[in-house]
Amino acid sequence: MKPHIPKTVGVAVHAGKPHSRDRLLELLGLLHKSKVDVLLDQEAATLAARPDAACTLKEIGKAADLVIVLGGDGTILRAARELEGSTAPILGVNLGHLGFLTSVRSDKLISAVREVLRAEYQVSERQTLQATLVRTGRRKEAHRALNDVVVSRGAFSRIVRLRLAVDGELLTEYVCDGMIFATATGSTAYSLSAGGPIMVPTARALIITPICPHALSNRSVIAGENSVVRCQVMSAASELLLTVDGQVQLQMEVGDEVEVRQSSRTVHLITPKDHSYFEVLREKLKWSGANV
């Protein structure tokens with residue numbers, strides 16, 4: 001997708017973030033001066049005291065050329081899900097700590113948006129996953145994930161046994177606390193904390209990371225972008241959940257399968273021209289080099 005000058009901009013905001021109203025009003029003032037049509041989600045319309053102007057993110061996705069999200073990485077994940085396959089690129093503005101998905105700090109909001117309104121930006125195309133819950137041979141529900149799909153136990157600390165197959169071939173059975181299926185974008189989220197690898201976000205792959213496996217030899221496996229992974233619950237002594245991007249949660253039962261594959265839809269994230277993923281990585285992970 002090539003950068004373009006937007007005529008209609010959608011705005012979504014996390015109202016619970018610090019200074020969200022101040023930043024929203026600042027943004028709306030700039031967009032008004034730039035004579036850009038603006039569509040507001042429910043929270044943005046409430047903060048701006050324009051409740052009658054509220055739209056759903058699905059409606060915004062159909063009409064907007066570009067969507068600006070004020071919040072954090074979780075707000076981006078919510079927006080990506082609720083935009084429902086819209087091709088409108090998303091500019092994430094972080095109102096809290098520096099994020100991996102939100103590429104603009106709140107104090108750089110105005111300068112970054114001015115550049116975007118001049119079509120001076122980059123577009124990063126991100127792979128998504130499709131997770132399908134299969135019960136007794138029937139497809140029950142399907143959801144898309146930008147970051148990850150997680151099979152995990154509930155509140156009780158009891159292990160589960162999961163059988164994994166990749167492209168129809170048995171990988172192994174894991175005795176563990178759960179399993180994470182991540183995109184390259186999601187490699188720096190839950191998968192990383194569970195010992196998974198870091199991948200450049202534009203890479204195409206499916207990362208399989210067990211959570212607290214009982215065999216020390218069990219490690220993350222990186223499957224190809226076109227691979228189809230099936231994870232079957234062989235046994236579970238407690239509640240088991242399927243979570244998609246931390247946004248959707250489904251109850252699972254023994255015998256259930258989760259089929260994970262690359263989705264046909266991608267998410268387009270806007271980054272400023274001077275944005276460096278590796279700089280963010282160094283800052284977030286506090287990499288400062290070795291002291292010799």
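- Taking both residues in full, the closest heavy atoms of Cys176 and Pro213 are given as CB-CA, 3.8 Å, listed atom of the first, atom of the second, then distance.
- In terms of heavy atoms, Pro6 sits closest to Leu117 at CG-CD2, 3.8 Å.
- Residues in residues 85-112 take part in these salt bridge (Lys or Arg N to Asp or Glu O under 4.0 Å) pairs, two or more places apart or across chains: Arg105-Glu283.
- Looking at Asp73, its side chain does come within 3.5 Å of a backbone N or O of Thr102 through a donor-acceptor pair.
- Residues Ile76 and Ile90 form a side-chain contact, since some pair of their non-hydrogen atoms from C-beta on lies under 4.5 Å apart.
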Next on the checklist: Checking Ser103 against Leu91 for the side-chain contact (heavy atoms from CB on, under 4.5 Å) test, could you report, in this order, the C-alpha distance in whole Å, the side-chain angles of both residues, the deciding distance, and whether it holds?
Outcome noted: CA-CA 7 Å; Ser103 60; Leu91 174 68; 4.3 Å; yes
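- A distance of 10.5 Å separates CZ of Arg161 from NE2 of His214, quoted to the nearest 0.5 Å.
- In this structure a side-chain-to-backbone donor-acceptor pair under 3.5 Å is missing from Ser191 to Ser187.
- Within the 3.5 Å criterion, the main-chain N or O of Val166 finds no donor-acceptor partner in the side chain of Glu169.
- A donor-acceptor pair under 3.5 Å is absent between the side-chain atoms of Thr243 and the main chain of Gly246, judged by distance alone.
- Heavy-atom minimum distance, Ala88 versus Leu66: CB-N, 4.1 Å.
- Applying the side chain to side chain contact (heavy atoms under 4.5 Å, CB included) criterion to Ala184, with sequence neighbours excluded, gives Met199, Ala203.
- At least one donor-acceptor pair under 3.5 Å links the side chain of Thr75 to the backbone N or O of Gly72.
- Remark: Asp65 does not engage Lys7 in a salt bridge, criterion side-chain N to carboxylate O under 4.0 Å.
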Checklist entry - Do Glu239 and Gln251 pass the side chain to side chain donor-acceptor pair (under 3.5 Å) test, and can you show the C-alpha distance, the side-chain angles, and the key distance before you say yes or no? => result CA-CA 8 Å; Glu239 180 186 42; Gln251 295 281 346; 2.9 Å; yes
Next on the checklist: Apply salt bridge (Lys or Arg N to Asp or Glu O under 4.0 Å) to residues Glu120 and Lys273 and explain how you reach the verdict.
Outcome noted: CA-CA 7 Å; Glu120 296 174 1; Lys273 284 194 169 183; 5.9 Å; no
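- A side chain to side chain contact (heavy atoms under 4.5 Å, CB included) with Arg21 is found for one member of Leu47, Leu70, Thr46 and no other, namely Leu47.
- For Pro201, the side chain to side chain contact (heavy atoms under 4.5 Å, CB included) criterion is met by Arg126, Thr185, Tyr277, not counting sequence neighbours.
- Residues Val67 and Val9 form no side-chain contact, since every pair of their non-hydrogen atoms from C-beta on lies 4.5 Å or further apart.
- Under a 3.5 Å cut-off, the side chain of Glu225 and the backbone N or O of Ala205 do not form any donor-acceptor pair.
- Across all non-hydrogen atoms, the minimal contact from Ala189 to Asn147 is CB-ND2, 3.8 Å.
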Next on the checklist: One pair to check against side-chain contact (heavy atoms from CB on, under 4.5 Å): Ile208 and Ile222. What are the steps and the verdict?
Outcome noted: CA-CA 6 Å; Ile208 304 167; Ile222 300 176; over 6 Å; no
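- Under the 3.5 Å distance criterion, the side-chain polar atoms of Tyr121 are matched with a main-chain donor or acceptor of His4.
- Summarising the local packing, NZ of Lys17 is surrounded by more than 12 heavy atoms from other residues, nucleotides or ligands at distances under 6.0 Å.
- In this model, a donor atom of one side chain and an acceptor atom of the other lie less than 3.5 Å apart for Thr266 and Glu125.
- Side-chain N or O atoms of Ser263 include none that pairs as donor or acceptor with a backbone N or O of Leu129 at under 3.5 Å.
- For Arg50, there are no salt bridge (charged side-chain N to carboxylate O under 4.0 Å, His left out) partners, not counting sequence neighbours.
- Asp245 meets the side chain to side chain donor-acceptor pair (under 3.5 Å) test with no other residue; sequence neighbours excluded.
- No side-chain heavy atom of Ile60 sits under 4.5 Å from any side-chain heavy atom of Glu82.
- Among Val260, Leu242, Leu241, the one residue that satisfies the side chain to side chain contact (heavy atoms under 4.5 Å, CB included) test with Val151 is Leu242.
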I'd like a table of donor-acceptor pairs (distance under 3.5 Å, sequence neighbours excluded) in which one partner is a side-chain atom from residues 23-34, with atom names and distances.
from: Arg23; atom 1: NE; to: Ser106; atom 2: O; distance (Å): 3.3
from: Arg23; atom 1: NH1; to: Glu26; atom 2: OE1; distance (Å): 3.2
from: Ser34; atom 1: OG; to: Leu30; atom 2: O; distance (Å): 2.9

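- Annotation: side chain to side chain donor-acceptor pair (under 3.5 Å) contacts of Arg282 (sequence neighbours excluded): none.
- Ala48 approaches Leu40 most closely through the heavy-atom pair CB-CD1, 4.4 Å.
- Under the rule for a salt bridge (charged side-chain N to carboxylate O under 4.0 Å, His left out), the partners of Asp41 that lie at least two apart in sequence or sit in another chain are Arg78.
- Not a single side chain to side chain donor-acceptor pair (under 3.5 Å) links Arg219 to another residue, sequence neighbours left out.
- Ser220 is linked by a side chain to side chain donor-acceptor pair (under 3.5 Å) to Thr209, counting only residues two or more places apart in sequence or in another chain.
- Considering every non-hydrogen atom in both Val258 and Ala131, the closest pair reads CG1-CB, 4.4 Å.
- Between the side chain of Gln127 and the backbone N or O of Arg204 there is no donor-acceptor pair closer than 3.5 Å.
- Using a 4.5 Å heavy-atom threshold, the side chains of Val104 and Asn94 count as separate.
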Item to check | Evaluation steps, side-chain contact (heavy atoms from CB on, under 4.5 Å), between Leu250 and Val248 | outcome: CA-CA 7 Å; Leu250 306 173; Val248 176; 4.2 Å; yes
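- For the salt bridge (Lys or Arg N to Asp or Glu O under 4.0 Å) condition, the pairs that include at least one residue of residues 249-271, sequence neighbours left out, are Arg135-Glu253, Arg135-Asp256, Arg139-Glu259, Arg230-Glu257, Arg230-Glu259, Glu259-Arg261.
- Taking 4.5 Å as the limit, some side-chain heavy atom of Ile211 sits within range of a side-chain heavy atom of Val150.
- Residue pairs that meet the salt bridge (Lys or Arg N to Asp or Glu O under 4.0 Å) test with at least one member in residues 181-200, sequence neighbours left out, do not exist here.
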Item to check | Worked check of side-chain contact (heavy atoms from CB on, under 4.5 Å) between Leu240 and Val160 | outcome: CA-CA 9 Å; Leu240 204 59; Val160 298; 3.5 Å; yes
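- The side-chain heavy atoms of Thr128 and Thr183, taken from C-beta on, include no pair separated by under 4.5 Å.
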